[in-house]
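Convention: sequence-line order gives letters A, B, ...; per-chain numbering from 1. Values reported hereafter were calculated over all heavy atoms of this structure, with side chains retained and with hydrogens, waters and symmetry mates removed.
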Amino acid sequence: MDSRTQINQIIQKIAKRDEVPDPDESLFEAGWLDSFALPDVVSALEREFSIEIPDSDLNPRKFDTVARIAAYVDGRR
Amino acid sequence: MAFLVAFGSCLPSHVAGNAEVSALTGVDAAWIERVSGIAERRFACDEETVVSMAVGAARDCLARAGVDATALGLILVSSGTSERRFPGPAAAVAAGLGLTSTPAIDLPLASAGSLAGLALADRLAPAYGKVLIVASEKLSPIFTRPPINQTTAVLFGDGAGACLIDPDQGAARIVASDFHTDGTFAGDLRLEFEGPIEMNGRTVILQATRKLPRAISAVLERSGRTVQDVGAFLLHQANQNLLDRLAAALGVQPALFYSNIRRYGNTSSASLLIAAKEWLDEVGFESGVPVVFAAFGAGFHWGALLAEGV
C-alpha cells in the first residue's frame, strides 16, 4: 500500500467521510479537517508510519493536503 | 520548595454576552459558543485598568491569606496588555499596595505569564520570602478596535487574578514545576503595537496539544505520581475544546479539568489564577492529593506545576 492510500484512510477515518480527498485540495478549506482534528492526524501518521514527528515540523502547511503529507511522510521514512 | 497560600481575583462588573460581542464583531453569537464554549466575558470600563484590576486581585488574595502587603518580599506581575511600554504595571501595582521599596517585576508573557510567575516564585521564595504573583489583562479595548480580527476578538475577556506563595507554609506544597520557551513560533500568536491580536490557531492548537501533555507528564513523573492520582487540573482557560482535547490526550475525565471559560472567556494570563481561586472556593486542596497547574501561550511559552494539599 502506498503512503497516499494510507493517508487517505487516516483522513477518511478522522473526518468520518467515505469519499477520497483530492490529493491537492486543502483539507482545511475543503472541510475535511478543522484545527482540533489536526493533532489527531499527526498522531495517526506517527502510528501508521512508525515515525516521530518533531515539534519543529508541526507546521499546518506541511499537513494541508494529502500530497504534502505524503511528501513529508516519505521524506521521514 | 514553596507553598501556595491563597488566590484572589478581580473581575469587571460589566458582563458581555455573545449577543453583545456579535454586534461588535459581526460574528454569529451561536457560532462563538459552539467553537469556544464561551457564553459571556467581562469588559472593563475606562476606570478599570490593568493596574487597578491587578491591585484589586492582589488585595483579595492578601485578605484571603490574612497577610499584610508589607510582609511581601517580591511581587511578580504578568500582563500582555500593559497600557504603556515602560514602566510596566508591576511598579504601579506595588505602589497601589502601599509599597515603596519591595521589588516588583513585570512578566510580559501573556497567556502563560501566571504559570511562569508560579514556577519562578517556587524557586525565588526561599530567597525573597513571600512572593505575590498577579496577572491582569485588559483585552477588550484591543480586540474591539479596528481592524477587528473576527477569529480572535470573540475569545477574550478582561480580569485579574493573584496568588500568594510562601517559602514555609500554605495550603499546598509545590512539588515540581517546569517552564519552557520556543521562540521559533513567536509570530504565530502575537499582539503588535496598535494591531489586533494575530493568531495562527492551527499552529497554536497543534503545538499546545503536544507540549502541554508532555509538560504535565514531566512534573508527574518527577513527583512520582501518575495522571490517575491527580485531583484536579487547573489550566489556562483558552478554549473549552482545547481543554477537552488535553483531557483526552492524558486519558482523564474532562470533568477533572476545571473550567470557567463559559463565564469569562479567555482572560490570557489572568485566567489560570482566576480559575484557581474559584476552584479553591468550590473544591479546595485535599491533603496528599496532587493538583496540576498548566498553561500554554504566545512565545510559545508553556509549562506545568504540581502542588499537593498539605
Is there a side-chain contact between A/S56 and B/T184 in this structure, where contact means two heavy atoms from C-beta onward sitting under 4.5 Å apart?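 No, every pair of side-chain atoms sits at 4.5 Å or beyond.
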
Stepwise salt bridge (Lys or Arg N to Asp or Glu O under 4.0 Å) test for B/R210 and A/E52 = CA-CA 12 Å; B/R210 304 273 284 200; A/E52 188 173 334; over 6 Å; no

Out of B/N241, B/D188, B/D182, B/T209, which one racks up the most heavy-atom pairs below 4.5 Å with chain A?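 Of the candidates given, the most pairs with chain A belong to B/N241.
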
Can you tell me if [X] has over 12 outside heavy atoms packed within less than 6.0 Å of its [atom1]?
X      : atom1 : value
B/Q253 : CD    : no
B/E221 : CD    : no
B/R262 : CZ    : no

Name the member of A/V42, A/L38, A/N59 that forms the most heavy-atom pairs with chain B at distances under 4.5 Å.
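The residue among A/V42, A/L38, A/N59 with the greatest pair count is A/L38.
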
- Query: For chain B, which residues of residues 64-75 of chain A have at least one non-hydrogen atom nearer than 4.5 Å to it?
  - Reply: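 Answer by number: none.
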
State the [atom1]-[atom2] distance between [X] and [Y], to the nearest 0.5 angstrom.
X      : Y      : atom1 : atom2 : value
B/N239 : A/F36  : CG    : CZ    : 4.0 Å
A/D55  : B/F185 : CG    : CZ    : 7.0 Å
B/T203 : A/R61  : OG1   : CZ    : 7.0 Å

Under 4.0 Å between a Lys/Arg side-chain N and an Asp/Glu carboxylate O for B/R245 and A/D40?
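Yes.
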
Looking at every heavy atom in both A/S35 and B/I205, which two are closest together, and how far apart are they?
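Reported closest heavy-atom pair: CB-CD1, 3.4 Å.
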
